[in-house]
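Ligands are counted one by one from 1 in listed order, and the atoms in each one are counted from 1 as well.
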Amino acid sequence: MLNKVVIVGGGTAGWMTASYLKAAFGDRINVTLVESGHVGAVGVGEATFSDIRHFFEFLGLKEKDWMPACNATYKLAVRFENWREKGHYFYHPFEQMRSVNGFPLTDWWLQQGPTDRFDKDCFVMPSVIDAGLSPRRLDGTLIDQPFDEGADEMQGLTMSEHQGKTQFPYAYQFEAALLAKYLTKYSVERGVKHIVDDVQQVNLDDRGWISGVTTAEHGDISGDLYIDCTGFRALLINKALDEPFISYADTLPNDSAVALQVPMDMEKRGIMPCTTATAQDAGWIWTIPLMGRVGTGYVYAKDYLSPEDAERTLREFVGPAAADVNANHIKMRIGRSRNSWVNNCVAVGLSSGFVEPLESTGIFFIHHAIEQIAKNFPNEDWNPNQRVLYNRSIAHVMDGIREFLVLHYVAAKRQDTQYWRDTKTRAIPDSLAERLEMWKTQVPDSESIFPYYHGLPAYSYMCVLLGMGGIEMKPSPALALSDPAAAEREFAAIRDKTRRLTETLPKAYEYFAQHH
Ligand code: FAD
């Protein structure tokens, strides 16, 4: 029986993998995690997808167990500011799209929306976020949504199996370093062997499989399966095994970031329950409100902006609170390993691949990868089909997200700098070009978006197309002949529900001040 796993790297990927494997297999699996005491984790990655709740559920953790330890907050949407033009914003919320007579409500909105704000007309959450509210009441109960929290029949499903069944209304934002610390304790308490040391060499046998890693002070460490969580360095998968890296730079040119962790009095500032992406002259700035500080950073393309100018712009954007904070400059490797599982090595996290964090997908990639590892855990046969299927599923998720991110830039109306003008002439994936033609006359649906599981449903595409404003969208012709009464009733129901929630929900800060 294969049951010895060696994880190299102790960032978010390493510790999420270690804790998940222990939760999945308990004492039947033997996990060693070795992380460098000198090379730090990337130090960012603090906003997530709403599916992340399944990770914590799988570990048997409740919000009250881990959220206070990680200064965590709720994220109900991504808020896009200035992508259409300066002063404009819209939300991409975690909220299932309503459908009326077989047409998504956004399609009816195009035919005859009540106002010019598709997000507030078609969803409840945008107004809740604008008001800085919590999706839970002070007694902990959750707003009513069409999902079943913790329903038995949903337990044990992977994210891809969940998709379409439920849409949980929020994701989490947390301090990455604190989460790694929390998961370290969780894993070590469950028997993970933790070694702090530098891996200096990866040893291969004559078949080209990994036979062990040599560390500076702990000698050789060997196992059956090696998990490369060494971040952008990709020490095992790309350096030792020489697996090629497929760059996405031709379609996603942002290759750099500068980040600041800014302490703030969140009681005074208030907590917007969302991650904000504010477009800039050569990229965009993320703002992630946590309990006690704000995480922020400028994602940009070095061809258009120097690191010094990026840092200056970011500091100006944050204001005096950033004065004494050190900046973390990061070079991003955008793309994916051709295969993430090669021989007896699986890459998880940044070593496997990464796209810029515009829709907070890095931790989602990790979560998806470890679900698939647990599901396809090999035995001594090392059935190659498992690797083929695993690699296919990882490639689909990343290629699908790449398409979705490229769409943001193609659809953004903004064209006021060379950076933004070039987003309209740069090559895009052929498959996306075909879809864009289709979407000009037929709003995106599950048949016309990227056809494999990649974590995003059709309504997400619709939000981006309607919010970014650079591509003219038309309603389905059939709606001109259809009775709009039912859609009007739905718009009215959303208005009522929005009013009810904004009058009764507590402020997000108030909720966390009580529960943390
Ligand atoms: P790292 O954090 O880089 O960890 C690498 C580990 O490998 C470290 O522990 C290091 O010590 C170890 N290591 C390296 N070399 C050796 C060696 N020789 N021997 C032993 N150990 C070694 N994702 C999201 O989901 N949401 C976001 O909002 C988001 N924002 C991001 C913003 C930016 C600018 C970037 C670059 C990424 C962002 N991500 C985001 C992605 C997210 O940060 C990563 O997916 C996540 O942190 C996982 O990183 P990692 O563990 O793969 O790598």
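Residue, atom and distance of the protein heavy atom nearest to atom 46 (C) of ligand 1 are Thr12 CB, 3.9 Å.
At a heavy-atom cutoff of 4.0 Å, ligand 1 is contacted by no atom of Phe49, backbone or side chain. In Trp286, the part holding a heavy atom less than 4.0 Å from any atom of ligand 1 is the side chain. The backbone of Cys229, and not its side chain, has at least one atom closer than 4.0 Å to an atom of ligand 1 (non-hydrogen atoms only; backbone = N, CA, C, O). Only the side chain of Ile366 comes within contact range of ligand 1, with a heavy atom under 4.0 Å; no backbone atom does. Residue Arg233 touches ligand 1 through its side chain alone, judged by heavy-atom distances below 4.0 Å. The proximity of Ser360 to ligand 1, defined as any non-hydrogen pair under 4.0 Å, involves the side chain as well as the backbone. Of the heavy atoms in Ala13, both backbone and side-chain atoms come closer than 4.0 Å to ligand 1.
A distance of 6.0 Å or more separates the ring centres of Phe174 and Tyr182. With ring centers used as reference points, Phe377 lies under 6.0 Å from Phe25. Ring centers of Phe55 and Trp66: at least 6.0 Å apart, outside the cut-off. The six-membered or imidazole ring of Tyr511 lies away from that of Tyr509, with a centre-to-centre distance of 6.0 Å or more. Under the 6.0 Å cut-off for aromatic ring centres, Tyr74 and Phe512 qualify, their centroids lying closer than that.
For a threshold of 3.5 Å applied to N or O pairs, the pair formed by Pro357 and ligand 1 contains no separation below that value. Considering backbone and side-chain N/O of Leu350, one or more are found under 3.5 Å from N/O of ligand 1. The shortest N or O to N or O distance between Val44 and ligand 1 is below 3.5 Å. Every N/O-N/O distance between Ala41 and ligand 1 stays at or above 3.5 Å.
Using a non-hydrogen distance threshold of 4.0 Å, Asp197 registers as a contact of ligand 1.
Between Tyr390 and Ile373 there is a side-chain heavy-atom pair separated by less than 4.5 Å.
By the 4.0 Å N-to-carboxylate-O rule, Arg315 lies close enough to Glu311 to be salt-bridged with it.
A side-chain N or O of Tyr409 and one of Asn254 form a donor-acceptor pair less than 3.5 Å apart.
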